[in-house]
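Since this is a predicted model, take the numbers as computed values, not measurements. Sequence positions, counted from 1, serve as the residue numbers for this chain.
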Amino acid sequence: MTKSQSHMETQSVWAGEGKKLYDNSTQVPVFHSVSYSYDDLDDWHDVALGKKKGHIYSRNTNPTVEQFEEKVRILEQAEATTSFSTGMAAISNTLFTLLSPGQRVVSVKDTYGGTNKVFNDILPKFGIAVCLCDTTDHELIESEIAKGCDVLYLETPTNPTLKVVDITRLTAAGKAAGAVVVVDNTFATPINQNPLTLGVDLVIHSATKFLGGHADALGGIVCGHKSLVDKIFNFREITGATLHPMSAYFLLRGMKTLALRIERQNYNAQKVAEYLANHPKIEAVFYPGLTTHPQHEIAKKQMRGFGGMLSFAIKGDFESVKTCMTHLKYAYRAANLGSVETIVGPPRTTSHVELTAQERQRAGIPENLIRYSTGIESAEDLIADLAQALEKVNVQQAVEA
Ligand SMILES: *Cc1c(COP(=O)(O)O)cnc(C)c1O
């Protein structure tokens with residue numbers, strides 16, 4: 001099944017499926033087998049050399065994991081994919097594969113907290129220069145790329161303030177400098193955005209979030225040119241950050257409703273953002289679907305939908321954040337995002353807990369910010385819930401305190 005033959009709703013369900021795997025089962029079995037037995041030793045040798053299709057050892061490949069990879073490959077319109085135990089494993093293994101001492105990576109300040117730690121604490125230890133630019137200053141990013149860039153690493157929309165970077169524009173600059181261009185597409189999902197079609201070399205997902213969509217399995221995946229993905233796969237074979245087949249099964253099952261969930265989450269987030277934007281106790285709302293969003297035009301150009309993630313700053317201090325959050329009935333106060341349930345969290349305890357208060361301030365993340373991952377509930381109920389929670393917030397008191 002290829003991209004041109006079907007729509008994303010159909011691909012979510014059918015891509016990579018339909019292979020007869022075991023006793024005509026319609027669902028992929030969870031292959032818990034560590035290894036695969038060969039009576040014909042020549043066959044075994046051919047599979048080991050990659051001359052024949054098959055599996056040898058599950059740290060390297062596994063049929064359940066492969067089916068998950070295939071579904072994402074088709075949805076991202078990629079030539080190849082390889083998966084990982086977590087999103088961070090996908091990100092770190094990709095960067096370690098691509099970069100060598102003496103090289104330089106250019107990225108933005110607003111990457112995911114864990115990614116930011118890789119840039120600030122790990123890569124410099126291996127003699128890799130890291131340049132983190134102001135996320136929305138495209139001229140600055142272009143000028144830094146021109147100074148020398150082996151990897152251009154982007155994330156859009158960003159976590160947690162939903163900034164949007166122009167993928168086409170920066171990819172052109174990266175290509176001109178001879179860089180490999182990588183985009184973390186976790187927030188957008190392949191339903192809303194396909195960076196590979198905009199010229200990007202590699203797309204990464206934390207499958208833990210929207211792809212799985214049910215907060216019951218961790219996973220990561222890299223998609224792109226076969227030549228690059230093969231190198232990353234070979235690196236992962238050795239580092240061993242393999243996706244577990246049970247997790248692959250959960251992620252696959254979740255992905256069958258991906259298009260359906262994202263359509264609802266896009267809708268809900270837009271409604272919630274519009275409601276909050278007009279609320280007197282709200283200082284600012286960050287959502288690329290709002291016409292007031294500074295990069296709304298860029299978002300419109302490169303995204304089919306604006307996603308399920310938003311964040312908002314409450315008037316007042318952290319007490320207001322606590323009051324609002326604890327009074328929400330239809331939301332988990334938790335560290336993840338992208339699930340069917342609405343999830344809220346302050347960046348200081350979720351995405352950017354690894355950062356110090358000072359680092360968060362430098363990254364432009366206000367302490368009175370709430371990250372809101374819209375679930376698939378009724379938008380009407382979510383808005384009513386926010387209304388009653390915000391009613392409990394005493395802005396005056398919070399400001400005076
Ligand atoms: C969660 C997240 C990651 C890390 O993924 P894990 O599966 O938690 O390791 C990376 N990037 C973004 C944008 C994320 O939201």
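Residue pairs that meet the side chain to side chain donor-acceptor pair (under 3.5 Å) test with at least one member in residues 87-98, sequence neighbours left out, are N93-T239. Here side chain to side chain donor-acceptor pair (under 3.5 Å) pairs that include residues 182-191, with residues two or more places apart or in two chains, are E76-N185, D184-T186, N185-Q193.
Although no hydrogens or angles enter the test, the distance criterion places a donor-acceptor pair under 3.5 Å between the side chain of N368 and the main chain of I314. A donor-acceptor contact shorter than 3.5 Å is absent between the side chain of R371 and the backbone of L310. No side-chain donor-acceptor contact under 3.5 Å links E237 to the backbone of N60. A side-chain donor-acceptor contact under 3.5 Å links K315 to the backbone of P280. No side-chain donor-acceptor contact under 3.5 Å links R73 to the backbone of C223. No donor-acceptor pair under 3.5 Å is formed between the side chain of T342 and the backbone N or O of T374. At least one donor-acceptor pair under 3.5 Å links the side chain of H214 to the backbone N or O of G212. Under a 3.5 Å cut-off, the side chain of S373 and the backbone N or O of G338 do form a donor-acceptor pair. In this structure, N266 contributes its side chain and G307 its backbone to a donor-acceptor pair below 3.5 Å. In this structure a side-chain-to-backbone donor-acceptor pair under 3.5 Å is missing from N194 to T197.
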Could you walk me through whether D230 and N234 pass side chain to side chain donor-acceptor pair (under 3.5 Å), step by step? CA-CA 6 Å; D230 279 352; N234 292 145; over 6 Å; no
Could you give me the CA-CA distance, side-chain angles and deciding distance for L162 and M309, then say whether side-chain contact (heavy atoms from CB on, under 4.5 Å) is met? CA-CA 8 Å; L162 284 299; M309 296 300 302; 4.0 Å; yes
Go through C149 and E144 one step at a time and tell me if the side-chain contact (heavy atoms from CB on, under 4.5 Å) criterion holds. CA-CA 8 Å; C149 178; E144 285 298 338; over 6 Å; no
Under the side-chain contact (heavy atoms from CB on, under 4.5 Å) criterion, do D166 and Q302 qualify, and how do the steps go? CA-CA 8 Å; D166 191 326; Q302 66 193 23; 4.1 Å; yes
Let's go through Q388 and K392 carefully: what are the C-alpha distance in whole Å and the side-chain angles of both, what is the deciding distance for side-chain contact (heavy atoms from CB on, under 4.5 Å) to 0.1 Å, and is it a yes or a no? CA-CA 7 Å; Q388 63 80 25; K392 311 283 193 311; 3.1 Å; yes
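Atom CG of L202 sits about 11.5 Å away from atom OG1 of T81, to the nearest 0.5 Å. Between the NE2 atom in H55 and the OG atom in S37 there is a gap of 14.0 Å [rounded to 0.5 Å]. Atom CD1 of residue I141 and atom OG1 of residue T135 lie 6.5 Å apart, to the nearest 0.5 angstrom. To the nearest 0.5 Å, atom CZ of residue F318 and atom CG of residue L369 are 10.5 Å apart. Between the OG1 atom in T323 and the CG atom in N394 there is a gap of 8.5 Å [rounded to 0.5 Å]. For the atom pair F119 CZ and I91 CD1, the distance stands at 8.5 Å (nearest 0.5 Å).
Residue-environment remark: NE2 (H32) exceeds the threshold of 12 foreign heavy atoms within 6.0 Å. Around atom NZ of K117, more than 12 heavy atoms belonging to other residues, nucleotides or ligands sit under 6.0 Å away. In this structure, Y332 places its OH atom where only 12 or fewer heavy-atom neighbours from other residues, nucleotides or ligands lie under 6.0 Å away.
Note on E380 versus K271: no salt bridge recorded, every NZ/NE/NH1/NH2 to OD/OE distance being 4.0 Å or above. A salt bridge does not link E377 to R264: none of the charged nitrogens lies less than 4.0 Å from a carboxylate oxygen. By the 4.0 Å N-to-carboxylate-O rule, K163 lies too far from E155 to be salt-bridged with it. Remark: K52 engages D43 in a salt bridge, criterion side-chain N to carboxylate O under 4.0 Å.
A search for side-chain hydrogen bond (donor to acceptor under 3.5 Å, both in side chains) contacts involving E341 returns S339, not counting sequence neighbours. Shown here are the salt bridge (charged side-chain N to carboxylate O under 4.0 Å, His left out) partners of D46, two or more places apart in sequence or in another chain: there are none. Among residues two or more places apart in sequence or in another chain, the salt bridge (charged side-chain N to carboxylate O under 4.0 Å, His left out) test is passed with D381 by none. Listed by chain and residue number, R169 satisfy the salt bridge (charged side-chain N to carboxylate O under 4.0 Å, His left out) test with E139 (two or more places apart in sequence, or in another chain).
Aromatic ring pairs are classed by plane angle as parallel below 30°, tilted from 30° to 60° and perpendicular above 60°; the pair Y287 and F306 is perpendicular. Aromatic ring orientation, F31 versus Y22: perpendicular (interplanar angle above 60°, classes split at 30° and 60°).
Residues H296 and L290 are not in side-chain contact: their nearest non-hydrogen atoms beyond the backbone lie 4.5 Å or more apart.
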